[in-house]
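The structure presented is a predicted model; accordingly, all values stated were derived computationally and were not measured. For this chain, numbers begin at 1 and follow the sequence in order.
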Amino acid sequence: MTGGLARRLAGAGWNRIAALGAGLVVALAVLTWIQPPWAERLQAAWFDAYQALAPRQVTMLPVTVVEIDQKSLTALGQWPWPRKRLARLVKTIQRSQPAAIGINIIMSEPDALSPERALAEESLTDRSVDAALRQLKSYDSVLGDALASSPSVLVFAGTGEETGMALRASPVTVKAAHPGGHAMLSMVQYGGALTSIDELNRQASGWGLVSVDTTRGIVRRIPLVASIQGTLVPTLAVEMLRVAYGAPSIGLTAAGRSVTSLTVGPTRVATESDAAVRVYFSRHRSDRFVSAVDVLDDKVDPALLRKQLVLIGVTGFGIEELHDTPIGERMSGSEIQAQLLENLLDGTLLRRPAWAPTAEAMIVALLGAFMILAVSRLTAVQVALLLHASLALLALSAFALYRTQRLLIDIATPAAYLFFLFGMLLVLALAESTRQRRSLEVVLQAQRERSARIAGELEAAQRIQTSTLPRADLLHGDGRVDLHAAMTPAREVGGDLYDYFMLDANRLFLLVGDVSGKGLSASIFMAVSKALYKGQMLREPDADIGDVMKAANAEVSRDNAEMLFVTLFAAILDLHSGELAYCNAGHENPYRLRPGRAGAERIVDGDGPPLCVVGDFDYRSARCTLGPGEVLCLLTDGVTEAQDPAGNLYGHERVERLVVELAHRKADPHEIVLALQTDVLRFAGGAEPNDDVTILVLRWNGGAQPAAAAAQAA
């Protein structure tokens, strides 16, 4: 191209493109300003890149983490330790006169290793030993004494539901709160708390929250204050500062429903509207840590603990709780709290300024208008180069603000919108050019006719496939059993299969399967598999179901050039006795719903690989006996693996919860099948199905057939 895109189009056509482009610029600028939730992932990745490129440089280490590490566990014994040992650790630290001691361990139950617990568990025959043990103080009391004689802070975790545990919290005052009180503030809310036992809690000097706010598993923001059933509680780092300063309370400043700042002693920090702050992480530093066994053995320089904020945490293998951080390193909760304390004390918290969304929207508006003007005068390559240069300059400026002022300005989201705008301008130009060329209509018409012909053939294939399924009224004359089944293909035709028919007057044969893949090829393989299996079953109606599966495997595997495979669950139900003989070839385990039982059971035996996977596999059958009124639910993985628009799976837990509820309401198989289909569709929310959905539900009513039904069957 030697000139701008506008020169290659008619004047009216370019005017339409310019008008559409201007409208798109306005829409994208508004989106940038309002910051919709779906843009948070890109923004978070951009901010993480800042920290990954330039982590915080540590200038002071006011926090020492006494870690119960693998070295300590090897020397002193496995976790949990007796609380008498924790008490000795606290007293040893206290001798160095720390500013505060935070114990990042929730002790929600009495010490199981305490002497009185041993007496409760065992009856000692030696009375002198029994008497000596009874004179010992409980280890919880020993630890409580250590806590009472030190500036100690215990921790608790927020829970979604009420726990009934006593909650202790230091006072939090709010200035200029919402007229509805602090309950109306927009902060993290918890329904309850998991705390240490009150015998320990009441001896501590403070209590701090250790629950952190993660976004997709990464710790970026930590609430300094949260609400637990209306009680404002500080995070562990803030509470340790309060205890270290000897401050009677913690102060919050609010404007409307938004929290603006927090004050504890002489430290004041600006917060985001929900009382959270953004942590500026440094790399992991080994000099933050000392081993607990070294502290107990007096091998640690007291200067590392004197006037320090000391955190006691567990970091041993297999018991350490690690969190992902923006710099790409996984850190323990104690180290994250230590980094937050460093941020609070040296004023290095990251800030997302209130004017940032407006500035980012202005970037989109100005660069977008420049692009529309440039496209009319320059080639597409020249416009692309100018756009890249402009965004690179903005990215460098934003990074400079991060390095010098610790401000977080998002350039990634405006860049994505501007690239989208550039692409749309190109698309609109090409579309306008295409509109002026009518010579392609013949080709398009031919394509339409071909698509219509294929659609008609697929519709015919769907009718043929549906006609091969068993009739719904096959068992209506037999009152011993109720059965209903349904199949919904992901496309016009599907790769799922089901079948049922009577082998004789008392035996009902069931079959549910799923062919790998979907569409026309899977439906053809399904029809072949079903026909071969049914033929094998009818030829040998008295054969063991495992032997039938083995023979069917050999037949289906023959001439399988496409290397497809099929999962099957086949069973024979004796309608008189309720005995169920079955064999499972790699299929979803069926559910058993027994009357009077609280949950659902799964049939997990009689299993083997899918057909066409292991050619000579020796399938073995299994048996169980259904009780009167028991429901058997068989389904394909199209149910459990159905996805909503966000990509979340429907899952076994939701299936089980629904079928158990319906079984308790004594819903019949037809109602259960319909409810499952409806719930899967509602969960998918209009998303395109990934797989076929097949459900077969059977209820055995008992061996005695009602007189009317028996007469009708005769």
Side-chain angles (χ1 to χ4, degrees), residues 51 55-56 58 60-69 90 93 98-107 151-158 169-170 188 190 193-196 204-214 218-226 233-245 250 262 264-265 267 269 271 275-290 292 304-305 308-315 319-327 329-350:
Q51 296 206 56
R56 177 171 59 92
V58 177
M60 62 176 182
L61 289 174
V63 184
T64 300
V65 180
V66 177
E67 57 176 343
I68 302 174
D69 55 358
V90 172
I93 295 171
I101 304 174
I103 304 175
N104 193 9
I105 303 167
I106 298 177
M107 295 167 280
S152 57
V153 178
L154 292 182
V155 300
F156 55 90
S170 55
V188 177
Y190 293 103
L194 180 65
T195 71
S196 295
S205 303
W207 311 269
L209 177 71
V210 290
S211 300
V212 295
D213 181 16
T214 64
I218 299 178
V219 178
R220 299 183 177 96
R221 302 167 71 251
I222 297 180
L224 297 186
V225 175
V233 294
T235 196
L236 172 60
V238 172
E239 184 68 351
M240 288 184 67
L241 286 179
R242 185 192 69 81
V243 171
Y245 291 145
I250 295 163
L262 176 141
V264 53
T267 299
V269 292
T271 69
V277 292
R278 298 176 185 258
V279 183
Y280 190 3
F281 284 93
S282 72
R283 298 288 183 193
H284 171 79
R285 292 177 60 110
S286 58
D287 52 353
R288 281 194 184 101
F289 298 85
V290 295
L304 294 176
L305 303 175
Q308 287 283 98
L309 296 164
V310 178
L311 271 168
I312 301 175
V314 180
T315 61
I319 55 176
E320 179 182 23
E321 184 181 1
L322 295 175
H323 302 275
D324 291 321
T325 63
I327 61 174
E329 294 184 6
R330 305 196 75 198
M331 297 183 183
S332 66
S334 297
E335 184 170 8
I336 290 174
Q337 291 288 338
Q339 296 228 28
L340 175 58
L341 278 165
E342 292 170 8
N343 280 199
L344 293 173
L345 290 171
D346 62 14
T348 54
L349 289 166
L350 298 176

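Of all non-hydrogen atoms in V279 and L350, the two that sit nearest each other are O-CD1, 3.8 Å. Q51 and I327 get closest at one heavy-atom pair: O-CG2, 3.5 Å. Here the shortest heavy-atom pairing between V66 and L305 reads CG2-CD2, 4.3 Å. Summarising the geometry of P326 relative to R220, their closest heavy-atom pair is CG-CG, 3.9 Å, with the distance given to 0.1 Å. For the pair Q308 and L61, the tightest heavy-atom approach, listed with the atom from each and the gap, is NE2-O, 2.9 Å. Of all heavy-atom pairs between G208 and V153, the closest is N-CG1, 3.9 Å.
For the atom pair CZ (R330) and CD (E321), the distance works out to 9.5 Å, reported to the nearest 0.5 Å. Atom CD1 of I336 and atom CG of L322 lie 8.5 Å apart (nearest 0.5 Å). Annotation: the span from T315 atom OG1 to N104 atom CG amounts to 11.0 Å, rounded to 0.5 Å. The line from OG1 of T271 to CZ of R221 is 9.5 Å long, rounded to the nearest 0.5 Å. How far CD1 of I106 is from CG of L194: 4.5 Å, rounded to the nearest 0.5 Å. Atom CG of L224 and atom CG of L344 lie 6.0 Å apart (nearest 0.5 Å).
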(request) Let me see the working for R288 and V58 under side chain to side chain contact (heavy atoms under 4.5 Å, CB included), right down to the final yes or no. (result) CA-CA 11 Å; R288 281 194 184 101; V58 177; 3.8 Å; yes
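Using a 3.5 Å distance cut-off with no hydrogens or angles, the side chains of S334 and E67 do not pair a donor with an acceptor.
A 4.5 Å side-chain heavy-atom check between I319 and I68 finds every atom pair outside the cut-off. At a threshold of 4.5 Å between non-hydrogen side-chain atoms, the residues M240 and Q337 do not count as touching. Side-chain contact between L340 and V277: present, with at least one pair of heavy atoms (C-beta onward) separated by less than 4.5 Å. For the pair V225/V238, no side-chain contact is recorded, criterion being any heavy-atom separation below 4.5 Å from C-beta on. Between Y245 and T267, the closest side-chain pair of non-hydrogen atoms falls below 4.5 Å. Taking the side chain as every heavy atom from C-beta outward, L209 and V188 never approach each other to under 4.5 Å. Looking at D346 and R56, their side chains come closer than 4.5 Å, going by heavy atoms from C-beta outward. Taking 4.5 Å as the limit, some side-chain heavy atom of L241 sits within range of a side-chain heavy atom of L345.
Although no hydrogens or angles enter the test, the distance criterion places a donor-acceptor pair under 3.5 Å between the side chain of E329 and the main chain of H284. Judged by distance alone, with hydrogens and angles left aside, the side-chain atoms of S211 form a donor-acceptor pair with the main-chain N or O of G158 at under 3.5 Å. With hydrogens and angles ignored, the 3.5 Å screen pairs a side-chain donor or acceptor of S196 with a backbone N or O of M107.
Remark: E342 does not engage R285 in a salt bridge, criterion side-chain N to carboxylate O under 4.0 Å.
Considering only residues two or more places apart in sequence or on other chains, A193 meets the side-chain contact (heavy atoms from CB on, under 4.5 Å) condition with F156, L167, T195, I228.
Of the residues listed (V243, L341, V65), the one engaging L309 in a side chain to side chain contact (heavy atoms under 4.5 Å, CB included) is L341, and it is the only one.
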